[in-house]
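Small disclaimer: the values here were computed from a predicted structure and weren't measured. The sequence lines fix the lettering, A, B, ..., with proteins before strands; numbering per chain opens at 1.
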Amino acid sequence: MNDNILVLEHISKSFPGVKALDDVTFSVKRGDIHALVGENGAGKSTLIKILAGIYRLDEGEIVFDGKPATFYTPNESQVAGISVVHQELKLSEPLSVAENIFLGNLLYRKGIVDWKAMKKKAAEFMAALGIDIDVDLPVSSLSVAKKQMVEICKAINHNCKLLIMDEPSASLTEKEQKVMFETIRKLKAQGMTVIYISHRLEEIFDLADEVTVLRDGQKIDTLPVASVDRKKLISLMVGRELVNEYPKEQFVPGEVVLEVKNLNRAGVLNNISFKARMGEILGFAGLVGSGRTEVARAVLGIDKIDSGEILYKGKPIHHRAFKQAIKEGFGLVPEDRKVQGLIQIDTVAENICMVNIDKVIKHGIIRNDMEQSYGEEYVKKLHISTPSVDTEAQYLSGGNQQKVVIAKWLMQNSDVIFFDEPTRGIDVGAKAEIYLLMNDLVRSGKVIIMISSELQEILGICDRIMVMHDGEIAGELMREEATQEKILAMCV
Amino acid sequence: MARTSSNTASVRTSTGTSKFAAGFGKFSRDYAILFAIVLLGIIFSFSSPHFLTFMNIRNILQQSTAVGIVAIGQALIVLTGQFDMSLGQNVMVTSCLAAYLMKYANVNPWLAVLAALATGCLIGAINGYLVAYVKIPPFIATLGMQMVCMGMGKIITNDSPISSMPPQIAIFGTTFIGGVKYGVPTSIIILVLMYVIFSFIARKTKLGRNFYAIGGGQEAAYFAGIDVQKYRLIAYMIAGTLAALGGIVLLSRLDSAAVTSGNAYEFDAMIACVIGGISLSGGKGKIVQALLGTIFLTLFFNGMTMLNVHPFIQNVLKGLVLIGAVGIDVIRNKRK
């Protein structure tokens, strides 16, 4: 049977200077979970925005549910039966679960809002998907995973035939992700078609029936998931054989550079002690909210500490402000690259020189020529792919943006650099480049402390792993002994 | 539309003409206001033979001086992504204070000017402290300060104008360099000087660069080690001091200070910034655009008066210009 719910034919879409989608043709079978993969900039988000009615296509034809479909507004797309669950949740926090599900789609009885009916129907939705959430609770009281469920209910409430999920698992823990997968499978069992987008390839093998690979705006292939393996999929995505996803180099660990003793911060951190050595990458694993970022913030003087001792190169230090920590030789590649890491509207050169701006100031005057040449130096050193150093950071891909963030700390010549989720939302090819860069740093005697939610990454590139749970260090593992199971057992 | 075409132009980089087109596109985007000024000039010169005379142009520039100086401070704060609603009343209270000190307290005029500048700076410092450290939203903090200044001005002047200043004060406005007929008044020289100095500070010093950085992304600035709170405070202090300087220039030009002085200057300064092309969302724009915006505004209303448009209607138009300019700014940001 050839029952395709969605047929895309020769879809093209250009933006000034970029062909975001180039003659893309594929179809999605009714009742399938169809994965969409590709590196950043491959055209996934553009495609989704066209389906969601946010962008209009330049050329091509879309047939949805047997009818030609061109959506001019998000509302038209929703009415036709397409709903999108975005990575960032779009819920109203103070409102109740039921209110959120029916937001923009309220039920009325004699012209008056019918809360009773809505609560009943919301509860039915939840029950059908096997979710246990009290629909009277305000959304703000729910965990991220449960919020995600509410988002899904809200999406399918709109007469949904095709549910598009754009990296829904990015902020979920492994356990929460499994629960979400159950929900998606139940939806599938009820006849829903799902387009699923994720950077985590293992999820695709776990969940999807078919996978479409996009690269540079073009469709590379559509395949049954069962017919490909991870390696093949990656090579389709990046257009070449990726020899090693985790190119780890090991060095002989040297002296202890940073030692933290019994660090406490009421309600957040409890007796945190660890040592970081020269020549190694120290990993911090644990669930979201287990206090990993908070350790970095406390050491760097961003948050105040209640008690504890920090020894840097043998001497006790106490940072009262992050500024001071930077002067001492610390650096941070922050969790939220777009907001905390970069000034989007500033140029690559300006961003690179932002921390060590004094280096391009002569007699109190900023020398643009020096800024440019430092910019160019680091663009070359880190292989940052950008049209020029004058390009605004917002136009770079995620991987290249992250390299700009790292360049800031190279220029500052920081000795201890915290990497907080350094590869989140970055595609496989660019990830490997970030790891290579970390190798270079370690080789040159820097200390790297990496916080990550991706266990494979932790296992792949860290020399030593601190596992955190509930604000405490739950255990320490050496690279050789660490396994996914051991870490997970300590996490929970 | 101009935007799209210039973007496509910048993609085809290799040929000389398109490089020129791209450069011109950027220039026309940054200085669209310049074309508007020229256009307005042409229209008004057709309507009135007096419009394009040296005297009238000098007059327009002279009328722009106080607002123009206030607009520098407003522009610096707008670059950090905020604004100051108290600048107009700051102009008023500092000019009244200077006038009072000179006239009734027999204070040396130079000392009186210094006292006014210090007061302006202090008002800015309080604003900055409330906004940056106490974290009161700028709109509320500076609106409150506006009321405080208004009341203080009334207390100082007892609600009646103070006129006939000592002659020394003329150096801030009405002394003509090069003769009264064809010379340039000092107020214009001060205005230009301030723009030169602050354009330089904004573009070429760490201070200015940090203003841009904070406006471009407060968190990213913080995570690059910039003391965001301190620089916000400094921005308000500079703006407050410049407002006081505007107050002195105004006092010199009018030879009088009253509670109506500087009325709504914070608005005019904000309109000037926005129609000049400085983004209200922060981090983008050039100081000189505030000057062009100010000139446009003065020109516009000078022309209106010449064409006998009723002042009430002019008020309506001013409001519409502000809304329109902000609307354009919002749409411009959205397109990204």
Side-chain angles (χ1 to χ4, degrees), chain A residues 14-18 297 300-302 321-327 330-347 350-358 360-368 371 387-388 390-395 404-405 408-409 411-412 414 418 420, chain B residues 1-14 18-19 22-23 25-26 79-81 197 199-231 278-285 332-336:
Chain A
S14 293
F15 294 105
V18 207
R297 291 176 66 100
L300 294 171
I302 297 169
F322 181 45
K323 210 172 63 166
Q324 199 189 341
I326 294 175
K327 286 212 180 78
F330 288 84
L332 168 68
V333 175
E335 194 175 5
D336 188 339
R337 179 178 63 245
K338 290 202 163 88
V339 174
Q340 301 172 328
L342 291 166
I343 296 186
Q344 300 280 331
I345 58 173
D346 277 359
T347 67
E350 284 168 347
N351 270 294
I352 289 175
C353 298
M354 192 156 68
V355 176
N356 202 346
I357 184 105
D358 290 332
V360 299
I361 293 177
K362 285 276 159 323
H363 310 297
I365 298 169
I366 292 177
R367 292 270 303 272
N368 296 68
E371 194 172 49
S388 85
D390 296 324
T391 307
E392 288 178 17
Q394 57 182 333
Y395 298 116
V404 172
V405 181
K408 291 201 281 197
W409 302 108
M411 181 159 160
Q412 172 68 17
S414 304
F418 286 84
D420 196 352
Chain B
M1 266 181 304
R3 208 190 150 70
T4 337
S5 63
S6 74
N7 270 347
T8 18
S10 63
V11 175
R12 301 180 256 114
T13 41
S14 49
S18 63
K19 221 174 203 172
K26 186 175 158 34
L79 280 180
T80 68
I197 292 171
S199 294
F200 179 81
I201 288 175
R203 276 288 158 196
K204 291 288 181 183
T205 68
K206 191 167 165 175
L207 178 69
R209 185 57 74 84
N210 285 347
F211 289 157
Y212 279 96
I214 291 167
Q218 173 173 289
E219 279 198 60
Y222 174 81
F223 281 105
I226 295 170
D227 190 336
V228 175
Q229 293 174 315
K230 184 177 93 185
Y231 283 98
I278 300 174
S279 169
L280 269 188
S281 45
K284 273 266 179 258
R332 226 190 257 160
N333 282 329
K334 225 184 195 169
R335 273 214 221 145
K336 284 192 171 170

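With hydrogens and angles left out, the side-chain atoms of N356(A) and K408(A) include no donor and acceptor closer than 3.5 Å.
Residues V355(A) and M411(A) form no side-chain contact, since every pair of their non-hydrogen atoms from C-beta on lies 4.5 Å or further apart.
The choice from A221(B), G215(B), G217(B) that makes the most heavy-atom pairs within less than 4.5 Å of chain A is G217(B). Among the candidates F200(B), F223(B), Y212(B), the residue making the largest number of heavy-atom pairs closer than 4.5 Å to chain A is F223(B).
When all heavy atoms are compared, the tightest approach of A224(B) to M354(A) is CB-CE, 3.6 Å.
With a 4.5 Å cut-off on non-hydrogen atoms, I302(A) touches chain B through its backbone and its side chain both. Proximity to chain B is absent for every atom of R337(A), based on heavy atoms less than 4.5 angstrom apart. Both the backbone and the side chain of Y222(B) come within less than 4.5 Å of a heavy atom in chain A. For chain B, the nearby part of I326(A) is the side chain; its heavy atoms alone come within less than 4.5 Å. With a threshold of 4.5 angstrom between heavy atoms, D358(A) approaches chain B through side-chain atoms but not through N, CA, C or O.
Between the side chain of E371(A) and the main chain of E350(A), no donor-acceptor pair closer than 3.5 Å is present. N351(A) contributes a side-chain N or O that, together with a main-chain N or O of I343(A), makes up a donor-acceptor pair within less than 3.5 Å.
Remark: R209(B) is not positioned above the aromatic ring of Y231(B), lacking an NZ or CZ atom under 6.0 angstrom from the ring centre and at most 45 degrees off the axis.
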